[in-house]
Amino acid sequence: MKPDSAAILGQNPIFEVVKRLEANDLKIIAMKMIHLTQTQAEGFYAVHRERPFFGGLTDFMSSGPAVVMVLEGENAIARYRDLMGATNYKEAAEGTIRRDFATDIEKNVVHGSDAPETAAFEIGYFFNAFEINAR
Ligand code: ATP
Ligand code: MG
């Protein structure tokens, strides 16, 4: 267990993630808890199909529940990616979500879209228009 996150690791880190989003003006405009099947995880990560970690990643992502959200805010994609930290938590900056909570490059706690086009696909994968409270 990492000493700087020991106090909160007893809880689901989702609460701490939500707190950090709110504190950084990333507005949650849709949110739900899901449990992906392996096939659904494979569809979500289809761009990584050829990568060596694809099997492990989709196994892990279908092994338990996940909370999916739509975030809104100025420059939201880049600002959220800054909050997440580098893919490999060992290289992530101090104070980032992955640095504080990840235990493995594959089990790195959070995902974030990397461009408006991928965000559009990923939002549509999990939410319909009625579930998103966009202004
Ligand atoms: P994400 O897309 O999940 O927000 P990212 O954009 O930082 O993360 P990607 O390169 O898109 O990183 O990889 C997607 C996910 O695949 C990572 O979050 C991680 O869980 C896993 N992954 C990436 N690289 C590796 C690796 N070298 N070994 C194991 N798993 C990896
Ligand atoms: Mg990515």
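Start at 1 and go down the list; that is how both ligands and their atoms are numbered. The analysis underlying the following values was restricted to heavy atoms, covering all of them including side chains, and did not include hydrogens, waters or symmetry mates.
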Hey, can you pull the donor-acceptor pairs under 3.5 Å for the side chains in residues 49-59, sequence neighbours left out?
from: Arg51; atom 1: NH1; to: His48; atom 2: ND1; distance (Å): 3.0
from: Thr58; atom 1: OG1; to: Gln38; atom 2: NE2; distance (Å): 3.1
from: Thr58; atom 1: OG1; to: Phe54; atom 2: O; distance (Å): 2.8
from: Thr58; atom 1: OG1; to: Gly55; atom 2: O; distance (Å): 3.2
from: Asp59; atom 1: OD1; to: Gln38; atom 2: NE2; distance (Å): 3.1

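Considering only non-hydrogen protein atoms, atom 4 (O) of ligand 1 sits nearest to Gly112 N, 2.7 Å. The protein heavy-atom contact nearest to atom 26 (C) of ligand 1 is Phe53 CD2, 3.5 Å. Remark: minimum distance from atom 14 (C) of ligand 1 to any protein heavy atom is reached at His48 NE2, 3.4 Å. The protein heavy atom nearest to atom 3 (O) of ligand 1 is His111 ND1, 2.9 Å. Looking only at protein heavy atoms, the nearest one to atom 15 (C) of ligand 1 is Leu57 CD2, 3.9 Å. The nearest heavy-atom contact from the protein to atom 12 (O) of ligand 1 is Thr87 OG1, 3.3 Å.
Ligand 1 lies nowhere less than 4.0 angstrom from a heavy atom belonging to Lys107. Proximity of Glu122 to ligand 1 is not established, as no heavy-atom distance is less than 4.0 Å. For the pair Ile105 and ligand 1, a heavy-atom separation below 4.0 Å is found.
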Please assess Tyr80 against Val110 for the test side-chain contact (heavy atoms from CB on, under 4.5 Å), listing each intermediate value before the final yes or no. CA-CA 10 Å; Tyr80 173 58; Val110 279; 3.4 Å; yes
If you apply the rule side-chain contact (heavy atoms from CB on, under 4.5 Å), what do you find for His111 with Glu122, and how did you get there? CA-CA 11 Å; His111 164 81; Glu122 292 175 352; 3.0 Å; yes
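Numbered from 1 in the order shown, with element, the atoms of ligand 1 that lie under 4.0 Å from a heavy atom of Asn108 read 17 (C), 18 (O), 19 (C), 20 (O).
Compare Arg81, Arg98, Glu106, Met84 by their heavy atoms: the one nearest to atom 8 (O) of ligand 1 is in Arg98.
No donor-acceptor distance shorter than 3.5 angstrom exists from the side chain of Glu16 to the backbone of Pro13, with no hydrogens or angles considered. The main-chain N or O of Leu26 is never found under 3.5 Å from a side-chain atom of Asn24 such that the two would form a donor-acceptor pair.
Nearest approach of Met69 to Val18, heavy atoms of both residues: CE-CG2, 3.8 Å. In terms of heavy-atom proximity, Ser113 sits nearest to Ala119 at OG-CA, 3.4 Å.
In this view, Lys32 and Glu131 satisfy the side chain to side chain donor-acceptor pair (under 3.5 Å) rule, not counting sequence neighbours.
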